[in-house]
Amino acid sequence: MTDIHPTALVLFSGGQDSTTCLAYALKRYRRVETLGFNYGQRHHIEMQARKQVLARLPEVLPQWRERLGPDHVLDLAVLGQVSETSLTREMAFQVSESGLPNTFVPARNLLFLTLAGALAYRRDLSALVTGVCETDFSGYPDCRDDTMKAMQLALSLGMDRRILIDTPLMWIDKAETWALAHDLGGDALVQLIVEHSHTCYVGDREHRREWGYGCGTCPACDLRAQGWQRWRT
Ligand code: ZN
């Protein structure tokens with residue numbers, strides 16, 4: 001850790017990746033705040049998951065509990081006006097011919113990062129930590145490393161303040177993400193992720209698998225399950 005980036009804002013959705021990123025940030029930064037976006041996600045499952053994870057994380061990582069600061073939630077209902085996807089409307093999850101799921105909202109991550117940058121500025125936080133990843137699934141062009149570097153430059157120039165975008169998962173796969181969580185918080189953190197984080201695209205909280213709750217067939221469940229199997233073997 002350097003003195004240049006002592007504080008961070010974690011983009012925290014309540015999923016496996018962002019929960020792992022939050023644990024990573026608590027280890028690396030001396031002050032950490034969290035940010036979620038409410039944009040009418042189906043069943044509000046993600047919003048419930050993030051509350052559950054935030055409530056339990058200090059018990060699992062007591063050595064860093066003093067570092068965890070306020071949680072922020074921004075209302076992004078406006079996203080519903082620029083997208084027709086299964087995240088914001090009652091549509092079945094599908095993968096289009098382009099390979100992008102219909103949950104894809106164009107440039108969504110750019111909006112998230114811009115708002116996160118503005119909030120970080122106001123809260124005097126010097127880094128944004130986000131769980132974007134190129135390794136497992138490159139269907140989202142706004143999660144690519146080049147996009148993150150461009151956003152880091154745009155935010156730093158546009159706010160006239162150096163801001164780091166820290167992407168600890170960019171080059172690791174889902175098996176390595178499970179391993180990273182275990183390195184950071186042992187079995188207790190892995191169990192918290194299994195029980196309380198939510199990744200499934202269709203919002204299934206009925207079916208409990210060894211890797212957590214989910215439908216077991218959507219692309220998000222598939223990645224999570226395959227990563228779990230590779231990590232365990
Ligand atoms: Zn699923």
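Atoms within each ligand, like the ligands themselves, are counted from 1 in listed order. Start at 1 with the first residue, then count along the sequence.
Using cut-offs of 30° and 60° for the angle between ring planes, the Phe37 and Phe112 rings count as parallel.
A cation-pi arrangement is not found for Arg67 relative to Tyr29, the charged atom failing to lie both closer than 6.0 Å to the ring centre and inside a 45° cone about the ring normal.
For the side chain to side chain contact (heavy atoms under 4.5 Å, CB included) criterion with Thr177, the lone passing option out of Leu223, Thr19, Thr135, Leu169 is Leu169.
For the residue pair Asp222 and Gln226, a side-chain donor N or O sits within less than 3.5 Å of a side-chain acceptor on the partner.
Between Asp71 and Lys51 there is no salt bridge, since no side-chain nitrogen of the basic residue lies less than 4.0 Å from a carboxylate oxygen of the acidic one.
Each protein N, O or S atom less than 2.8 Å from the Zn ion (ligand 1) was counted, giving 4.
For His182, the ring-ring contact (aromatic ring centres under 6.0 Å, His included) test picks out Trp231, with sequence neighbours left out.
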